[in-house]
Amino acid sequence: MEPCILKVALDTPLDSCFDYRWQFADGEACLPQAGQLAIVPFGRREVVGVIVAVAGHSEVPPEKLKDALAVHVQIPPLSRAWLDLCQFAADYYHRPLGEVAVPGLPKNLRTTKTTALDKALKKLHKADPASVPLRAARASKAQTVATVEDAPATSAPNALEGAPAVPLAPPLNPAQEQAVAAIAGAAGFAPFLLFGVTGSGKTEVYLQAAARILARAQPPEPPEIPHAQVLILVPEINLTPQWLANVQARFPHLSIALLHSGLAEGERLAHWLAAHHGRAQIVLGTRLAILASLPHLKMIVVDEEHDPSYKQQEGLRYSARDLAVWRAHQLAIPVVLGSATPSLESWQHVQSGRYQKLELRERAVPDAVLPRVRLIDMERDKPTDGLTSTLVKALKLRLERGEQSLLFLNRRGYAPVISCESCGWVSNCPHCSAFMVLHKLDRRLRCHHCSCEMRIPRHCPTCGNVDVQPLGRGTQRVEEGLQQMFPTARILRIDADSTRLKGSAQAAFGAVHQGEVDILVGTQMVAKGHDFQNLTLVGVLNPDTALFSQDYRAAERLFAQLMQVAGRAGRQAQKAAGSPSEVWIQTRYPQHPLYGALMAHDYERFALGQLEERGQAALPPFIYQALLRAEARELPMALEFLHASSQILEHQAITIHDPIPMAMTRVANVERGQLLIESGSRPALQAFLNAWLPLLREIKPRVKWSLEVDPVDI
DNA sequence: AGCACGCCGACT
DNA sequence: GTCGGCGTGCTC
């Protein structure tokens, strides 16, 4: 047979596909197909790419064409729908297709060696359909991540025989039932915003809707593989063990695949293959799972849809939530975005009728009430060691009652900066426009933005004075102060520093659940997901900085964070105590409307106010943005490039702002600037970017640059 | 992005 | 005399 041409997408910043000849071996009749993976020579390397098309001829001069080395025929091709998803993301975020399609594949699929793949496939195919898959047998060990052996599981026969898919379902309240019915009854594309506070039973709605959709999708004459999959996205890896336990308990007969960056490569491959082969009915993962191959996808859940973690912040800067909605639209299936504090984007979509709101007004747990949120005016009640007397009193009361408390402070380390009292020296990082943070336990100063570390100076480096003092407080210092104040209390700190070791976060949360901790001090890590049954006090130490931030999204994030941390207060404990749990917020601005809305547990009031402000100021979600970033050794060079960029193309219906230094100008000796581009019309913005970016590449800038569509940190 | 080639400075 | 700095150029 005549050789054919493979058009292959490769993981390279070059904005095109690459053509290769495919030579047929003697007697070989099978044509390679789009969606298959090919091993090809590329420069002096051999790399794996995705075949996006098979053609008869190529525009590339024949002498430049090379032969493709191999095609992965062991695994089914990636679907047209998956390729289209990647193409959409590539177009929307203005990156080459290969940079979207390839890095999402497990590493073991991207190497030229196929030993790991062959091994994983053998395991997948020999898995006995009647064997007990990962979840049921492992439910008791749910705190551990599934192993390779567990992953490529098959469905148990009872699922195929039409047994009820909801073995342990608790009864739903009417609002939940209505939500489940709406989701499961949706025909075609149906975006839902599931709006309900912590404890209102959102998880139950996801799971029962999933159960109905999975059960319904079982064909009457069961084939080998069930044709339905549900994707559940959660914001953080930390939350997957808990979710896995929930899902396993509910669906002991279904197989589950996990997809997140914490998996070992072998696990990653096994779970990815289980999803790709349609063996996994439930796929549970973090944002990267939105790019998984899911040939039988029937429903997508995005839990805590407002969470900033859904936005990838390097490489391809995609929003997993937005791609989830696009994917649901493409496949004509329901997508459920759940939150107690929806993103203003999603809330606006509800207002405009694009999303359907499903509201859970009551807490589903019997007798549970919302925690009582109150403010402490720090001007009247001056704090010592960061704690006001009101908060200390509240802590004392919990200790006496044997209840747990949580102090929330979004700042790790001992103190954010040290300073010389006599000359005013402060601990600036030599490489970043940031302070070196005091980490007293390691006796080090550490920059949180580069890898820079140093000893704590005994004397001021400029004037020699010995009075070098920590300014402000982080979690370590709060922990130290508490230990002195309450010497017998069991105090535990949970932050990125205390949980650096693998598994230590789980262990720490376990200790709190086991009642081995009286006072928990933590950063936003403690705000997500975990409900502590015996926790009746939440203290928020220093939230005010976000109120006056340059970043117009700071208030939105703060509100979500405070609602979330308030929701940590136990659901059972308050019943036992006979009074609601308490949330105390230390603030210098007790009159601020954000706190007013928070005390009233009134997200809607808050959102209405924010949307009004955003509308008046012509900010998202009412306008659309893109950000051109540039970095160089010296800021002027970056700004010069940005300025030149802003001049090279005539434009209409677009606003190009002046180039400005980034809020944190220097990181690791690189200085960064940015150029904001806005439009009231998304198509106009995209059209501009499509015309503009090729021109930027043409001018061969001497600086490193990148474009971000729908930026969140401005 | 990799990965080469290439042309100038301080080391055995 | 070589090791190696990172400029610049290419990848079907």
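A note on names: the letters A, B, ... follow the listed sequences, proteins ahead of strands, and every chain is numbered from 1.
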Between the protein and nucleotides 7-12 of chain C, are there any N/O to N/O pairs under 3.5 Å, and if so, what are the atom names and distances?
residue : atom : partner : partner atom : Å
C/dT11  : O3'  : A/Gly43 : N            : 3.0
C/dC12  : OP1  : A/Tyr20 : OH           : 3.2
C/dC12  : OP1  : A/Pro41 : O            : 3.1
C/dC12  : OP2  : A/Lys66 : NZ           : 2.3
C/dC12  : O3'  : A/Asp19 : O            : 2.5
C/dC12  : O3'  : A/Lys66 : N            : 2.8
C/dC12  : O2   : A/Asp19 : N            : 3.0

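- Within residues 83-108 of chain A, no residue has any heavy atom under 4.0 Å from DNA chain B.
- Counting only distance, with no hydrogens or angles, the side chain of A/Arg268 and the backbone of A/Pro106 share no donor-acceptor pair below 3.5 Å.
- Using a 4.0 Å cut-off between charged side-chain N and carboxylate O, A/Asp84 and A/Arg80 make a salt bridge.
- Listed by chain and number, the residues in a side-chain hydrogen bond (donor to acceptor under 3.5 Å, both in side chains) with A/Tyr92 are A/Arg682, A/Asp710 (sequence neighbours excluded).
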Could you walk me through whether A/Asp713 and A/Arg557 pass the salt bridge (Lys or Arg N to Asp or Glu O under 4.0 Å) test, one step at a time? CA-CA 11 Å; A/Asp713 286 321; A/Arg557 277 199 302 266; 3.6 Å; yes
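- Using a 4.5 Å heavy-atom cutoff, the side chains of A/Asn108 and A/Trp272 are not in contact.
- Between A/Glu265 and A/Arg110 no salt bridge is recorded (no basic side-chain N to carboxylate O distance below 4.0 Å).
- Remark: A/Asp442 pairs with A/Arg446 by the salt bridge (Lys or Arg N to Asp or Glu O under 4.0 Å) rule, at least two apart or across chains.
- The CZ atom of A/Arg317 sits 7.0 Å away from the NZ atom of A/Lys311 when rounded to the nearest 0.5 Å.
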Please tabulate, one pair per line, each protein N/O and nucleotide N/O from nucleotides 4-9 of chain B that are separated by under 3.5 Å, including the distance.
none

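- A/Gln229 places a side-chain N or O within 3.5 Å of a backbone atom of A/Ala280 that can act as its donor or acceptor partner.
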Indicate every side-chain donor-acceptor pair of residues 47-63 of chain A with a distance under 3.5 Å to a residue at least two apart or in another chain.
residue : atom : partner : partner atom : Å
A/Ser58 : OG   : A/Asp19 : OD2          : 2.5
A/Ser58 : OG   : A/Val60 : N            : 3.0

